[in-house]
Amino acid sequence: MSDVLIILFGTMMLYVFAASRIEAFIKTLALQGLLLFLLVIIDIHEIVWINIAFLVLETLIIKAIAIPWFLLRTIRRNEIGREVEPYLSQFYSLIIASAIFVFAFVAAFWAARIEADIKPLYFGVSISMIIASLFLIVTRKRIITHILCFMMLENGIFLLSLSVANEMPMLVDLGVLLDLFVGVFLLVIFFNKIQSMYDGSHIDVLTALKD
Amino acid sequence: MFAIPVIVPVIMAVLVLFVPRLLVSRIALLSSAALILLYSAGVWCNWLPADAPQWLDGYFKLDAVGLLFLLIMSVVFAASAVYSLSYVKEHNLSARRQSFYTAAMLLFVAAMSGVILSNHLALLWVFVEATTLSSAVLINFEKNKSALEAAWKYVFICSVGIALAFVGIIILSMGSRAVGTLFFDDLYAGAALINPFWLKMAFAFILVGFGTKIGVAPIHAWLPDAHSEAPSPVSALLSGTLLNTALLGLIRVQKILLQAGLDDYSNNLILIVGFLSMFISAVFMMNIKNYKRMLAYSSIENMGILFIGLTMGSGGLFAAMLHTAAHSFTKAALFLTSGNIFTLYNSKRISDVHGLLRREPLTGWLWIFSALAIIGLPPFPIFISKFLLIKAFFENGSGWLSLPFFLIIVFVMFGMMRAVFTIAFNESGGGVSAAGRRLDVPAYLPQLCLLALLLGIGVSIPEHVRLLLQQAAGFLP
């Protein structure tokens, strides 16, 4: 069951590469949050109420509802529809995304031979997600897309941390969550300011400071 | 007592946000600075206990290297807090703006104290990320286009970098199942049990992640922008303490590799990054147009020197620890003085600033002496640390490294002093005739104290200081 969810999770990444509407990207992020929630629920073995409450807060409430809602509101307010022409066309992006998948899975199966505890599917999908979001950040021009890619990067990291049995102490997890939430909040505030201070919101406008 | 450096600033920040009065902000800022300084000095002199209370469960700890970094931070913060009095007055900040400024600065300091005191790898990560978030609003404090651009780059680049560091931490915990926790003490004790392959990979990620915050090349892109656009007291804090605290995080992780016997791997990576940073800063320093960006590039160079020192055995470590302290104090003095220059000329371009010595002699002399201190002229301590570092090169059998090291330093010196002397002496530009007005006492006092402190360390290192540096350097085996 969880394998199916992870494959779905990975396919969404391909969809993001192909989609050009920002709103579709945000909805994908929300869906990813939901999938992470389901994964966590399926994987849970012992029932400690405080842990479950925390994980629900982290995945369902923050990743699947709060942040996507906040981002959707921002783009509707600023009337942003599509990604402006990216540095690399959708077609080539998709090819590169596939290449990233292949690389990540080769690496994952190879790593699983070294360390028996690693689940290759978890590992491969999360590594490809991390590389792919970095790639998207480099090739897309819209500032809002950069924030979305950052969220995708965080989702990939969350999946990676699920593949490690060694759990973080609750206190630390809470700190990570708080940092993530404030980080996205701050990025969106700065985005709104850039939007109102400059005419456009492409990274091309941010080139005043250089040597 | 132990919680003072983290809790006091947070409480004060909350207080200031709820009571936005000028006087309250001022008292909160100065009293937190004084309390943190007193606490760290008290621990240093053994008047106060350094042990963490039981209920913290070992998550926090103050060891010798942490104490050194806490002392550096508290001194720079105190200088910056005093200078802020002048900054606030010169910019006519409203009570609300001032309380916002004070609260952000206090939270920033609290986050940095958290990094220094953390004894758990992931908790340290949480605090490093918190420093990014709290300082971002300070960088954007002047709310113009370039400040916004700098703040955006800072938050985004650092967040992505720190996210990669978190990947490193997850990979480390994959490899360290046998250890089971991420407490530094356990990781050091069980370093031999960690799978070397995962440990190496984790270190590469963590080096990139924390390296982004330290501002070493090639991931330094945010640093010149952020340092030049932030208000000067904030630039002093960024350069004098933020880079150090991130460096402390890296040192703590480096120790795991040394304990696991992977010295060659970690030392080579760090050494390459160090030289690359020095080289890049020298290249940019040759044709620099903005004096605050010049100071920022100098920070990149000095972080490179520190990196090199970390790889050069016990001698190099001692040099690195001395260099950390010396660089922080000197760079803080320089950034604060650059704030005076900006107040007087209202421009950050070197070509707009002429005849500083004539217009405002005290600022001019502070500028020249701090610049002489940063390039490492005797009797300032940076001379001693660079000298000790070169000595460590030879002790480690890599004496040939001293040649590129020396060459880069000469280039940096040349580029920097050319700009510094243009600002101080060149009177060919127009509008020099009017004698400048004197600024307030808080605009000079911190730099004078810092320079006096540097001279004190440089002329003869007091035994007490030497002991502290030695103990801190003993952290790495």
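Note: hydrogens, waters and symmetry copies are ignored here, and every other heavy atom, side chains too, is used. Below, chain A is the first sequence line, B the second, and so on; all start at residue 1.
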Is atom [atom1] of [X] surrounded by more than 12 heavy atoms (other residues, nucleotides or ligands) closer than 6.0 Å?
X	atom1	value
A/F181	CZ	no
A/Y15	OH	no
B/F197	CZ	yes
A/F37	CZ	yes
A/F105	CZ	yes

Max heavy-atom pair count under 4.5 Å with chain B, selected residue of [options]:
options	answer
A/I127, A/L180, A/I147, A/V205	A/I147
A/L153, A/I143, A/L134	A/I143
A/I189, A/I203, A/L187, A/V182	A/L187

Sorted by number, residues from residues 123-137 of chain B in contact with chain A (heavy atoms, under 4.5 Å)
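Hits under 4.5 Å: B/L123, B/W125, B/V126, B/E129, B/A130, B/L133, B/A136, B/V137.
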Could you please state which residues from residues 140-159 of chain B sit under 4.5 angstrom from chain A, measuring non-hydrogen atom to non-hydrogen atom, sorted by number, or 'none'?
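Interface residues of residues 140-159 of chain B: B/N140, B/K143, B/N144, B/K145, B/S146, B/L148, B/E149, B/A150, B/A151, B/W152, B/K153, B/V155, B/F156, B/S159.
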By a 4.5 Å heavy-atom criterion (distance strictly below it), what part of [X] contacts chain B: side chain, backbone, both, or neither?
X	result
A/F158	neither
A/I137	side chain
A/T207	backbone

Between [atom1] on residue [X] and [atom2] on residue [Y], distance to nearest 0.5 Å:
X	Y	atom1	atom2	result
B/I171	A/L160	CD1	CG	6.5 Å
B/I170	A/I130	CD1	CD1	7.0 Å
A/K210	B/R293	NZ	CZ	10.5 Å

Decide side chain to side chain contact (heavy atoms under 4.5 Å, CB included) for A/E154 and B/F166; before the verdict, give the C-alpha distance in whole Å, the side-chain angles of both, and the deciding distance to 0.1 Å.
CA-CA 10 Å; A/E154 292 288 345; B/F166 198 71; over 6 Å; no
With sequence neighbours excluded, what pairs up with A/R77 under the salt bridge (Lys or Arg N to Asp or Glu O under 4.0 Å) test?
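Applying salt bridge (Lys or Arg N to Asp or Glu O under 4.0 Å) to A/R77 gives none.
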How would you list, by chain and number, every residue that makes a salt bridge (Lys or Arg N to Asp or Glu O under 4.0 Å) with B/D185, sequence neighbours excluded?
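For B/D185 the salt bridge (Lys or Arg N to Asp or Glu O under 4.0 Å) partners, ignoring immediate neighbours, are B/K61.
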Could you tell me which portion of B/I288 (side chain, backbone, both or neither) has an atom closer than 4.5 angstrom to a non-hydrogen atom of chain A?
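B/I288 touches chain A through side-chain heavy atoms alone.
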